[in-house]
There are 2 protein chains.
Amino acid sequence: MILDILEGNTTHPSANDIHKTVVTKYPTTSFSTVYNTLEMLTNVGELDKICILGNVIKYEPNTDPHAHLLCKKCNRIIDIFEPYYAKPSIRKIKQFPHTIEKVQEFLYCTCASCLKGRQGKKLA
Amino acid sequence: MILDILEGNTTHPSANDIHKTVVTKYPTTSFSTVYNTLEMLTNVGELDKICILGNVIKYEPNTDPHAHLLCKKCNRIIDIFEPYYAKPSIRKIKQFPHTIEKVQEFLYCTCASCLKGRQGKKLA
DNA sequence: TTGTAAATAAGAATCATTGCCAATTATGTT
DNA sequence: AACATAATTGGCAATGATTCTTATTTACAA
């Protein structure tokens with residue numbers, strides 16, 4: 001069910017968000033199980049964790065390389081695939097050849113909606 | 001004193017690390033003061049916060065654009081200025097013109113020392 | 001000196017995450 | 001089916017980084 005919740009989900013939910021959804025169907029589900037499952041799914045490569053400046057960990061079902069745009073006004077996280085994202089050109093780092101397994105790129109900005117003064121409620 | 005500790009420091013210390021150093025000279029210094037000072041220095045642009053996947057916040061005195069290499073074996077954070085780092089080409093993002101204020105890039109890897117089997121103690 | 005504002009210390013509060021363990025469930029074997 | 005064993009789960013306590021609160025101290029100005 002956790003995979004179903006995350007499949008195609010672009011809202012980057014936290015463990016707490018996911019738990020809230022799961023308990024509507026399986027009311028006794030504990031946080032342990034949610035965290036264990038998310039950890040397992042991350043380890044097998046189904047999910048990525050993203051964490052912005054010490055806030056809660058969010059779970060990203062789209063593991064294709066892409067950047068995340070972080071709006072300081074509304075706290076929303078927006079996936080950016082093109083054209084900013086720097087595709088890993090690993091060989092260029094002579095000190096660390098062939099060892100980079102993952103790249104995370106965070107772009108701090110004011111999002112388009114907030115720029116136009118029509119952003120929604122600020123997320124937690 | 002906190003600025004002095006961080007000046008030229010490439011170890012990316014945490015608030016706790018900084019507090020430990022400060023109390024050797026000013027034994028009554030509280031965490032409140034350390035956190036308040038770090039927050040203030042961040043707000044005036046002297047420091048950047050960096051946070052890796054839910055670990056503690058580390059403080060980076062070098063605010064020049066650069067990437068961070070994160071070794072999974074020894075947990076060390078290494079500054080990378082060239083040639084990987086994608087310099088912000090902000091104008092290329094049509095959806096978000098002229099609004100990107102900061103870019104953070106994290107490269108997950110095994111560092112050169114660990115590759116050669118001579119890494120130091122794993123950091124906390 | 002005296003009043004007022006700012007900074008600080010101390011510790012409690014918060015809260016996401018992890019750890020622990022007993023209870024439950026699944027799996028495999030006769 | 002009955003049993004043994006392993007894996008998963010639920011409940012909740014523990015952890016620990018960060019924030020909050022409040023009284024106290026310090027800095028500054030009139």
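No hydrogens, no waters, no symmetry mates; every other heavy atom, side chains included, goes into these values.
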Please find the pair of heavy atoms, one from [X] and one from [Y], that lie closest to each other, and give the distance.
X: B:Ala15; Y: B:Val34; answer: O-CG1, 3.9 Å
X: B:Ile5; Y: B:Ile18; answer: CD1-O, 4.2 Å
X: B:Leu53; Y: A:Lys49; answer: CD2-O, 3.3 Å

Worksheet item: Should A:Lys102 and A:Asp48 be marked as a salt bridge (charged side-chain N to carboxylate O under 4.0 Å, His left out) after you check the CA-CA gap, both sets of side-chain angles, and the distance that decides it?
Response: CA-CA 10 Å; A:Lys102 193 165 49 170; A:Asp48 280 331; 3.6 Å; yes
Atom [atom1] of [X] and atom [atom2] of [N]: how far apart are they, to the nearest Å?
X: B:Leu53; N: C:dT18; atom1: CG; atom2: C1'; result: 16 Å
X: A:Asn36; N: C:dG19; atom1: CG; atom2: P; result: 10 Å
X: B:Asp17; N: D:dG16; atom1: CG; atom2: P; result: 15 Å
X: A:His19; N: D:dG11; atom1: NE2; atom2: P; result: 9 Å

Item to complete: State whether B:Ser30 places a side-chain N or O below 4.0 Å from either non-bridging phosphate oxygen (OP1 or OP2) of C:dA10.
Response: no
Item to complete: Would you classify B:Thr29 as touching base, sugar-phosphate or nothing, given that sugar-phosphate means primed atoms plus P, OP1 and OP2, and contacts are heavy atoms under 4.0 Å?
Response: sugar-phosphate
Item to complete: Indicate whether any N or O donor in one side chain lies under 3.5 Å from an N or O acceptor in the other, for A:Ser14 and A:Asn16.
Response: no
Discussion item. Against B:His68, only a single residue in B:Gln104, B:Glu60, B:Glu105 fulfils side-chain hydrogen bond (donor to acceptor under 3.5 Å, both in side chains); can you say which?
Written reply: B:Glu60
Discussion item. Return a single string for nucleotides 11-16 of chain C, one symbol per nucleotide in 5' to 3' order, where B is base contact, S is sugar-phosphate-only contact and - is none, cutoff 4.0 angstrom on heavy atoms.
Written reply: B----S
Worksheet item: Among C:dA9, D:dT9, C:dT17, which nucleotide sits nearest the side chain of A:Ala15?
Response: C:dT17
